[in-house]
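Beneath this line is the structure, given in structure tokens, with notes to follow.
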Amino acid sequence: MGCCCVIMFSTVGIIANCMTVFLAGANADTGIDMVSLSSYFTFVTLTIAVCQPVSRLLFERYNARIVVAFFAALPGIGTALMALYNKPVYFWISGIINGFGLSLITFILVPTLMNKWFVTRIGFVMGICMAFSNIGGAIWAPVAGNLVVNMGWRTTVVIMGILSIFISCPVALIGIRRDPFEKSLQPYGINTIQKGDGGQKIELSGDTLKESLKRPWIYMIFIIAAGLFFIANFQPQITQYAVSIGFPINKGAAVSSMLMIGLIIGKVALGAINDKAGLGVSVTVGIICGIIGSILLISSGGMATMVFVGAMLFGIAFALMSIALPLYVRKAAGTKHFGSVYSVVSSVGNAASAVSGPIYGAIYEATGSYATSLVTCVVFMAVVLVMTWIIIAGTKNLWKNA
């Protein structure tokens, strides 16, 4: 768990959450328009969507420490290479490099390892690990901003890229283990174990991917994944939303910070609620927060208090993408083949994320406001909530040890 926290704090916190700072510096220095530079994110998201099954397979088949270190190093390398660029196409190449690395680190690593190391409190520990990516972003973004101002963006991307590698790779090589049996340990919270060759092993149950595709639940989870990723991808729009209702840019950035605070709170709190009351209650709480937050943002009329509170509540709902999605898969497909099923579900979500940005942009261009986009988010939240309870009812007691 500690190793995952450090890797999320460094690799995702530095590379993923500071990239807007790097690209803003590149825009000011090179004159490349932000539309072209922002296409970097499209290449990252599409690469993640395509490569997640591959990265999961590599993680399962080969030495976990070496594989994680390799994937953790790629985003640092891709980011440092940006110091050499003067044309948009090269930034897109870095988007592919970084996306390949993040395909394992961002969405696969924590859920897969936590499902092997923990039987109870899994929601809480996943929430803690995932929250460290946002904590890292909150800490590293100001550092990156000051470095850009004082040393230039080219020097900054080299420093931050190397820093990411030097923090995450040694931790991966020293501390990562695919499962507790490699250390002659048992999963946390396990009560029923079976002794076999190579140590004590837990009897896991669950569908293969092929078997999962024969059940209706997986297709509902695909829809939920698309909805949650679509909703969460409103995060890059929140500052522009604040500006569109009359906030100055610095106040708009503060709104984004409030959303990030809500996201951190949501990852920990919703994970803990899942452990205490179950997936249905956790998702319901998150969705209610998201709907209230959306209503406050739509009806704020520029009132700062409503906007800040709305952004924070909206951020809590965003946490469902990281926390709830692995738990849906665990409930509907079991744990035995969790990695293969979850990687495909996550790929569906990332594909939805890749198209959501242009959709949000098109809606704003057509309507002149973000209200319609927020209403669309509310509709997706309602769909997610209804399907959640259908899945819970249909998969009750389906899997032993799931």
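Just so it is clear, the values below take in all heavy atoms, side chains as well, and ignore hydrogens, waters and symmetry mates. None of the values given here were measured: they were computed from a predicted structure.
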How close do [X] and [Y] get, counting heavy atoms only, and between which atoms?
X      : Y      : value
Phe247 : Ala304 : CZ-CA, 3.8 Å
Cys129 : Cys4   : SG-CB, 3.9 Å
Ser10  : Trp140 : CA-NE1, 4.5 Å
Val255 : Ala242 : CG2-CB, 4.0 Å
Ile391 : Ala332 : CG2-CB, 4.5 Å
Val341 : Ser212 : CG2-OG, 3.7 Å

Determine whether [X] and [Y] make a side-chain contact, defined as any pair of heavy atoms from C-beta on separated by less than 4.5 Å.
X      : Y      : result
Leu279 : Arg330 : no
Thr112 : Glu60  : yes
Asn98  : Leu74  : no
Phe70  : Leu58  : no
Met19  : Met82  : yes
Tyr90  : Leu81  : no
Thr30  : Arg154 : yes
Val50  : Ser347 : no

Verify the ring-centre separation between [Y] and [X]: is it less than 6.0 angstrom?
X      : Y      : answer
Phe318 : Phe234 : no
Trp153 : Phe22  : no
Trp217 : Tyr328 : no

Are the side chain of [X] and the backbone N or O of [Y] linked by a donor-acceptor pair below 3.5 Å?
X      : Y      : result
Asn274 : Leu270 : no
Asp29  : Gly25  : no
Asn350 : Ile48  : no
Lys267 : Ala319 : no
Thr156 : Val148 : yes
Asn27  : Leu23  : no
Ser346 : Tyr342 : no
Trp92  : Thr42  : no
Ser294 : Gly290 : yes

Could you tell me the separation between the [atom1] atom of [X] and the [atom2] atom of [Y], rounded to the nearest 0.5 Å?
X      : Y      : atom1 : atom2 : value
Cys51  : Leu57  : SG    : CG    : 12.5 Å
Arg65  : Ile176 : CZ    : CD1   : 10.0 Å
Leu374 : Leu296 : CG    : CG    : 11.0 Å
Leu313 : Leu259 : CG    : CG    : 10.0 Å
Ile167 : Leu163 : CD1   : CG    : 4.0 Å
Arg177 : Leu113 : CZ    : CG    : 11.5 Å

Worked verdict on Val386 versus Ile390 for side-chain contact (heavy atoms from CB on, under 4.5 Å): CA-CA 6 Å; Val386 171; Ile390 293 174; 4.0 Å; yes
The single option from Thr79, Thr11, Ile7 passing side chain to side chain contact (heavy atoms under 4.5 Å, CB included) against Ser164: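 Running side chain to side chain contact (heavy atoms under 4.5 Å, CB included) over Thr79, Thr11, Ile7 with Ser164 returns exactly one hit, Thr11.
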Pair Ile288-Met381, side-chain contact (heavy atoms from CB on, under 4.5 Å): steps then yes or no: CA-CA 9 Å; Ile288 290 174; Met381 290 179 199; over 6 Å; no
Which atom pairs, donor and acceptor, lie under 3.5 Å between side-chain atoms of residues 100-111 and protein residues at least two apart or in another chain?
residue	atom	partner	partner atom	Å
Ser103	OG	Ser55	OG	3.4
Ser103	OG	Phe100	O	2.5
Thr106	OG1	Leu102	O	3.1

Checking side-chain polar atoms at under 3.5 Å, does [X] have a donor or acceptor matched by the opposite partner on [Y]?
X      : Y      : value
Ser133 : Asn17  : no
Ser369 : Tyr241 : no
Thr284 : Trp389 : yes

Derivation of the side-chain contact (heavy atoms from CB on, under 4.5 Å) call for Ser168 and Val6: CA-CA 7 Å; Ser168 60; Val6 173; over 6 Å; no
Steps toward side-chain contact (heavy atoms from CB on, under 4.5 Å) verdict (Leu263, Met260): CA-CA 5 Å; Leu263 184 54; Met260 191 68 68; 4.2 Å; yes
Got a list of side-chain donor-acceptor pairs under 3.5 Å for residues 218-233, not counting sequence neighbours?
residue	atom	partner	partner atom	Å
Tyr219	OH	Leu213	O	2.7
Asn233	ND2	Ser353	O	3.1
Asn233	ND2	Ser356	OG	2.6

Member of Phe41, Tyr40, Tyr85 meeting the ring-ring contact (aromatic ring centres under 6.0 Å, His included) criterion with Phe91: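 Per the ring-ring contact (aromatic ring centres under 6.0 Å, His included) rule, the option paired with Phe91 is Tyr85, out of Phe41, Tyr40, Tyr85.
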